[in-house]
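Please read the structure below before turning to the comments.
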Amino acid sequence: MLVVVDFCAYPFSGKRKGRVELGHCQLWITMISNNYVEIRGMSFSRGDRLIFNDIDVDIPRGKVTSIMGPSGTGKTTLLRLIGGQLKPRGGSIIVDGQNISRLKRKQLYLARERMGMLFQSGALFSDINVFENVAFPLRVHTKLPEDMIRDIVLMKLQAVGLRGARDLMPSELSGGMTRRVALARTIALGPDLVLYDEPFAGQDPIAMGVLVQLIRLLNDALGMTSVLVSHDVSEALSISDHVCIIADGKMIGQGSPKHLKEQGSPLVKQFLQGLPDGPVPFHYPATDYKTDLLPGN
Amino acid sequence: MLDYIRKLGANTMHSIAVLGRSGLFLWSSLVGVPDFRNGMPLLIKQLYSVGVLSLVIIVVSGLFIGMVLGLQGYNILVDYGSEQAIGQMVALTLVRELGPVVTGLLFAGRAGSALTAEIGLMKATEQLSSMEMMGVDPLRRIIAPRLWAGFISMPILAMIFSAVGIWGGMLVGVDWLGVYEGSFWANMQSSVSFEKDILNGIIKSLVFGFVCTWIAVFQGYDSIPTSEGISIATTKTVVYSSLAVLGLDFVLTAVMFTAF
């Protein structure tokens, strides 16, 4: 547990809070968990298909966490559950001390102001230019004067290397540039938690290298907690402090990249090393091969 | 037979669920504390794209429908020597019926389909999801201004349609076929009642605007986020809106103009 002592009028969210009054000053003592996100016994299904079955996940505060697993295991679904866009069937999802699935609509939108999500497509607003896209959350959530918004937007665009592209429309950007602009927009309000949905998918090596560097750099520079869903094992592992591997609705391994590489289960090792055969078989279940080839069958 | 009953039951349940969802959607979009600082520029932008950009089709259609009414009316009335009544015939037809109904149908085809496609595409490209994740409610930011723009635009468009239609009727009746201008306007003035005809026409167009916009934005928001899904949603918008306009027109006409 971390103990945070904060001289401010209002406490930031945390698990247990205490207040001591020292003359005119209020001293808030907040004990916050080491984990920014704690998922306990969570189940989720789509129709009859069970996606998660009694799963536990910890996302450490201030770290980069990668969530990996075979296609269709529900990695993006997990991000949407953390963001409160989906509700679990059972269990709890605690995000910075708040059970996100139990929040009312207004509280949920307030909680989301401290989150950011980078979508696979970038999800830039197609009717406004790059500058306005990055300025959007600032204009909606703050009452900052226009010159200050301009400065913040240019700083965010400078951080992702696209200050010169501020007047371009989203349709004029390449895939890599789109994601960098989306990243600038995601960090515009200085969120505590950033969720990345497949940030490297479909990127050329240069764009991928830029994104890998940016995610790590921004996480450390801004003191955020980052959650990364990716299939690109080497890139994800290279910047992650913590890795969670999901398969068949269960958590099959979580820990540091080194720990998982050395002591992970055969399924974890197969996934991390990209082996074609193993606990996940190469062949789809079928009858005996030789019998199948015999004449008359 | 049992299979048929089962399918009928499933379809009925599905329709009721969609109706309930659309009701909640409307409630969540419109009910709440208005945010004039952020909302007004969005509303003005939508009034332009929903209302102003629909003007051309409304004006041109109104003109031709008015001209056709003038021509047909003259050909019928001249046999009875009553061609002087062409003004009241054109005006009553437009103000009571054709103005709200044809504007509703054109509005569904032009603005409604555009709204559905735009919102559906925003959903497919995750723009609505990204807005949610930024702590911005898309129902208040995207849907509400479009709904209000539709409600406001439709009666104004219907009035413009009727006015241009009357002018078209006058062009044909008075300028081309030689009906006396004084009779044209005087008969119209004496027979068209503000409360019974014009106000009822405005009420009709308000109802059609409400229903068409509601259908359009809900179909976009509820669409399957694929190209095929958006195509289906756009088609549904035009079909459902047109049927709703025609069906509601009958109900409203029965209530407004029939003495039970």
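Just so we're on the same page: letters track the sequence lines, and every chain starts at 1.
Per-residue heavy-atom pair counts under 4.5 Å with chain B were compared for H141(A), M115(A), R139(A), and the maximum is reached by H141(A). The choice from T125(B), L121(B), L128(B), V136(B) that makes the most heavy-atom pairs within less than 4.5 Å of chain A is V136(B). The candidate from Q120(A), R185(A), Q85(A) with the greatest count of non-hydrogen atom pairs under 4.5 Å with chain B is Q85(A).
In this structure, no portion of T186(A) lies under 4.5 Å from any heavy atom of chain B. Contacts of R80(A) with chain B are made by side-chain atoms alone, with heavy-atom separations under 4.5 Å and no backbone atom involved. Using a 4.5 Å cut-off between heavy atoms, I142(B) makes no contact with chain A at all. For L124(A), the part sitting under 4.5 Å from any heavy atom of chain B is the backbone (N, CA, C, O) and nothing else.
A 6.0 Å sphere centred on CZ of R21(B) holds more than 12 heavy atoms belonging to other residues, nucleotides or ligands. Around CD1 of I224(B), the count of heavy atoms belonging to other residues, nucleotides or ligands within 6.0 Å does not exceed 12. At most 12 non-hydrogen atoms from other residues, nucleotides or ligands lie less than 6.0 angstrom from CE of M155(A). For F125(A), the CZ atom counts as densely surrounded, since its 6.0 Å shell holds more than 12 non-hydrogen atoms of other residues, nucleotides or ligands. Counted within 6.0 Å of CZ on R216(A), heavy atoms from surrounding residues, nucleotides or ligands total more than 12; the atom is thus considered enclosed. Counting heavy-atom neighbours within 6.0 Å of K63(A) NZ, excluding the residue itself, gives a total of 12 or less. Other residues, nucleotides and ligands place more than 12 heavy atoms under 6.0 Å from the CD atom of E146(A).
In plain terms, the two heavy atoms of P138(B) and Y109(A) that are nearest each other are CD-OH, 3.6 Å. The shortest non-hydrogen separation linking E126(B) to S121(A) is OE1-OG, 2.9 Å. The two atoms that bring A123(A) and S130(B) nearest to each other are O-OG, 3.5 Å, heavy atoms only. Smallest separation of non-hydrogen atoms from Q127(B) and S126(A): NE2-OG, 3.4 Å.
With V140(A) as the fixed residue, the side-chain contact (heavy atoms from CB on, under 4.5 Å) test singles out one of R141(B), M131(B), M134(B): R141(B).
Taking CG from L108(A) and CD from E132(B), the interatomic distance works out to 8.5 Å, rounded to the nearest 0.5 Å. A distance of 6.5 Å separates CE in M122(B) from CG in D127(A), rounded to the nearest 0.5 Å.
Under a 4.0 Å N-O distance rule, the pair R112(A)/D137(B) does not qualify as a salt bridge.
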